[in-house]
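Shown next, in structure tokens, is the structure this report addresses.
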Amino acid sequence: MSKRALSVTREQNFPDWYQAIVRDGDMAETSPVRGCMIIKPWGWGVWERIQAELDQRIKDTGHDNCYFPLFIPMSFIAKEAEHVEGFAKEMAVVTHHRLKNEGGKLVVDPDAKLEEPLIVRPTSETIIGDAFQRWITSYRDLPLLINQWANVVRWEMRTRLFLRTTEFLWQEGHTAHADREDAMAETLRMLEVYREFSESVLAMPVIAGEKPANERFPGADSTYSIEAMMQDGKALQAGTSHYLGTHFAEAQNIQFQSAQGTREFCHTTSWGVSTRLIGGVIMTHGDDDGLRLPPRIAPREIVIVPMLRDKPDDAALLDYCVAIEKDLKALGIRTLLDKKPLKSAEKRWNWVRRGAPVIVEIGGRDASGGNVTFMRRDKLRDGDKIISHSRPRDQFVAEAQALLNDIQATLYAEAKARLDGNVITDIKSFDELTAYFGAAETEDTGGFKGWVRVPWARPDGAVLEAIADRLKASKLTIRNAPLAQDKIEGVCLFTGDPAKEYVLVARAY
RNA sequence: CGGGGCAUAGCUCAGCCUGGUAGAGCGCUUGCUUUGGGAGCAAGAAGUCGCGAGUUCGAAUCCCGCUGCCCCGACCA
């Protein structure tokens, strides 16, 4: 028997498999509003863990949380030219403030038209910049280090749960500095926070690097990203950090008086990660039985399923389970005793699909023998067979934290091996590159391709656009130029000029 | 916005061509059996067949219009 907990395997159809995990793993579902999602308790629990871990790191690096409004005056967006250009096409606009009943039908009241339309924030540079302009007067006010957890709306043409939704949740950091050097240090500091967070908390290895000019945030001087490799070989931009130069400061008059008495524009940064990370976790760690959650973001690290049989000895069995639950909780381990009146086997498979790191199954024989039977979600099967472990109860409890740590490390090591083993470095020409990936229309049957690292001369302007267009014909993009670089040799694969650095080329989400 | 497809029970879908009482599997409810692991049997609940107009004695089925969703493309820090 090779029965799997999901109806479709990664091999059969990766996009369908992804949707199956989101649905059967109880993460989220689509909403009545196109492109928006209802995040279910299990999916929300993961987001709460992400928030808790990342929020701590944001505060540890000196930032304070605050909250800015959902609505932004339309005129604010118009202040920075590239920023408008970048976001104009995907903005939700509020134009009226009242409905009225017209012949039994609810209609927008034309008399309630707003003087100035409001846009629903796609990001908050402009409204936060407006506040910074008032808050900052002196070099003594700098650096100003702010973060907010918020929802944003971008009217995307095509959406996929978690990966790209019309409304999504994120944190956006916004900072202002006295000079370029300090702002750039902040940009890279937060990129490093994201890298460390992604790898140690999400168990998702990433490559941190700088985006090419054509992939920059609208209005940024430079944009950095962390890129993760999904199990289908595509890249996922998992976080971004931008050095905004003085563009927004000049557009919004964010100035300070220096120690020398001169008036200077601030150098600003912004950086964010979103609910997209959850999509990344799914496509990094999921298997054909469902999600596999790294313990550090699992809402419940250990789930205990009592093998209830509807008999009098159930009570004793439950007592035994409750005692174990209490011991684990006392150790600070997020534990759930699943007492729902469902069949035990059904409960087991539900938790397998949801990706609970450790699933404990306790029957009458375990209880009377003082034992615990459990499964590791990261190593669920040997071939088609489920691997089930047994330990004396006290030993299980004593080793539980180490077990969880091992699962966290195993998931990371697996993903790390995939990333390290699938960056190809021996492609020598553009034709070889496109031949390797094949034509765009063969993508669905093309299989796993991974990423390609090529030497690059940092062209920009029209030359860069032409390269991007040509790559696009094979659905390829330049992901980033890794910060950690080997010594560069040879010439740019695209221009033939002496290479300045390496860049990663891949298909991407 | 272009090209294609779809809309029938909670879910996945059949029925439509050739008009005649609304179907299956899974899930759900109840009962009995089973019980160290994704159980069996039986009974049951559940659908204005996306919306509107038309043809017809009669429309899920045929015609017209509309809406929504999915896929491909365009778009996507």
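A note on names: the letters A, B, ... follow the listed sequences, proteins ahead of strands, and every chain is numbered from 1.
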Quiz prompt | First of T240(A) and M157(A) reached from the 5' end of RNA chain B, by closest nucleotide | solution = M157(A)
Practice problem: Determine which nucleotide pairs with U35(B), using a 3.5 Å limit on both distances of a Watson-Crick or G-U wobble pair. | Solution: none
Quiz item: Does R158(A) have a side-chain nitrogen or oxygen under 4.0 Å from the phosphate oxygens OP1 or OP2 of C72(B)?
Solution: yes
Exercise. Find the partner of G65(B): check Watson-Crick (N1-N3 plus N6-O4 or O6-N4) and G-U wobble (N1-O2, O6-N3) distances, both under 3.5 Å, and reply none if neither fits.
Key: C51(B)
Exercise. Please give the nucleotide sitting opposite G58(B) as a Watson-Crick or G-U wobble pair, both distances under 3.5 Å, or none.
Key: none
Quiz item: Given the C1' atoms of U35(B) and G40(B), what is the spacing between them in whole Å?
Solution: 12 Å
Quiz item: Reckon G364(A) touches a base, only the sugar-phosphate, or nothing at all at heavy-atom distances under 4.0 Å?
Solution: base
Quiz prompt | G27(B) to C70(B) separation - C1' atoms, rounded to the nearest Å | solution = 24 Å
Quiz item: Atom CZ of R23(A) to atom C1' of G10(B): distance rounded to whole Å?
Solution: 12 Å
Quiz item: For N13(A) and C70(B), what is the distance between atoms CG and P respectively, to the nearest whole Å?
Solution: 16 Å
Practice problem: With heavy atoms under 4.0 Å as the rule, sort G363(A) into base, sugar-phosphate or nothing. | Solution: base
Quiz item: Which value, in whole Å, describes the distance between the P atoms of nucleotides C69(B) and G23(B)?
Solution: 31 Å
Practice problem: Would you indicate what D366(A) reaches in the nucleic acid, counting non-hydrogen atoms under 4.0 angstrom: base, sugar-phosphate, or nothing? | Solution: base
Exercise. Please work out if F168(A) contacts a base, only the sugar-phosphate, or nothing of the nucleic acid, heavy-atom cut-off 4.0 Å.
Key: base
Quiz item: P atom, C66(B) versus C75(B): distance in rounded Å?
Solution: 28 Å
Self-check item: For G10(B), the Watson-Crick or wobble partner whose two distances fall under 3.5 Å
Solution: C26(B)
Exercise. Determine the Euclidean distance between corresponding P atoms of G54(B) and U61(B); express it in Å to zero decimal places.
Key: 14 Å
Quiz item: So what's A46(B) paired with, Watson-Crick or G-U wobble, going by both distances under 3.5 Å?
Solution: none
Quiz item: When you match K311(A) and V152(A) each to their closest nucleotide on RNA chain B, which lands nearer the 5' end?
Solution: K311(A)
Quiz item: How long is the line joining CZ of R164(A) and P of C71(B), in whole Å?
Solution: 13 Å
Quiz item: Is there a side-chain polar atom (N or O) of K89(A) under 4.0 Å from OP1 or OP2 of A74(B)?
Solution: no
Exercise. Please state the C1' separation for the pair C51(B) and C6(B) - nearest whole angstrom.
Key: 16 Å
Quiz prompt | Heavy-atom pair with the smallest gap, counting every atom of F448(A) and D232(A) | solution = CD1-C, 3.6 Å
Quiz item: Do the rings of F217(A) and H242(A) sit parallel, tilted or perpendicular, given the 30° and 60° boundaries?
Solution: parallel
Exercise. Using a cut-off of strictly less than 4.0 Å, decide whether K475(A) has a side-chain nitrogen or oxygen near OP1 or OP2 of G73(B).
Key: yes
Exercise. Let me know the distance between CD of Q19(A) and C1' of U12(B), rounded to the nearest Å.
Key: 14 Å
Quiz item: Considering Watson-Crick and G-U wobble pairs with both distances under 3.5 Å, what does G2(B) pair with?
Solution: C72(B)
Quiz prompt | Nearest-angstrom distance from the residue atom CD of E346(A) to P of G38(B) | solution = 12 Å
Quiz item: Which pair of heavy atoms, one from S225(A) and one from R479(A), lies closest together, and at what distance?
Solution: OG-O, 4.2 Å
Quiz prompt | Protein-nucleotide distance (D310(A), atom CG; U30(B), atom P), rounded to Å | solution = 12 Å
Quiz prompt | Derivation of the salt bridge (Lys or Arg N to Asp or Glu O under 4.0 Å) call for R393(A) and D327(A) | solution = CA-CA 10 Å; R393(A) 171 195 160 166; D327(A) 287 352; 2.9 Å; yes
Quiz item: Under 3.5 Å, is there a donor-acceptor pair between the S124(A) and Q148(A) side chains?
Solution: yes
Exercise. Under a 3.5 Å limit for both distances, which nucleotide forms a Watson-Crick or G-U wobble pair with U21(B), could you say?
Key: none
Exercise. Would you mind classifying the nucleic acid contact of E361(A) as base, sugar-phosphate or nothing, using non-hydrogen atoms under 4.0 angstrom?
Key: base
Quiz item: R353(A) near the nucleic acid: base, sugar-phosphate alone, or nothing, with a heavy-atom cut-off under 4.0 Å?
Solution: base
Quiz item: Ring centroid separation for H389(A) and F396(A), is it under 6.0 angstrom?
Solution: no
Quiz item: Between atom CD1 in I359(A) and atom P in G37(B), what is the gap in whole Å?
Solution: 16 Å
Quiz item: When we call it a touch if two heavy atoms are under 4.0 Å apart, what does R309(A) touch: a base, just sugar-phosphate, or nothing?
Solution: base
Quiz item: Would you call the rings of W17(A) and F14(A) parallel, tilted or perpendicular if under 30° counts as parallel and over 60° as perpendicular?
Solution: tilted
Exercise. Could you check whether A5(A) gets within reach of a base, just the sugar-phosphate, or nothing at all, counting any heavy atom under 4.0 Å?
Key: base
Exercise. Return yes if a side-chain donor-acceptor contact under 3.5 Å exists between N371(A) and D366(A), otherwise no.
Key: no
Exercise. Can you check whether any acceptor in the base of G36(B) is under 3.5 Å from a donor in the side chain of T373(A), or vice versa?
Key: yes
Quiz prompt | Same-atom distance (P) from G19(B) to C62(B), integer angstrom | solution = 9 Å
Practice problem: Pick the P atom in C64(B) and in U55(B), then give their distance to the nearest Å. | Solution: 15 Å
Quiz item: How long is the line joining CG of L342(A) and C1' of G27(B), in whole Å?
Solution: 12 Å
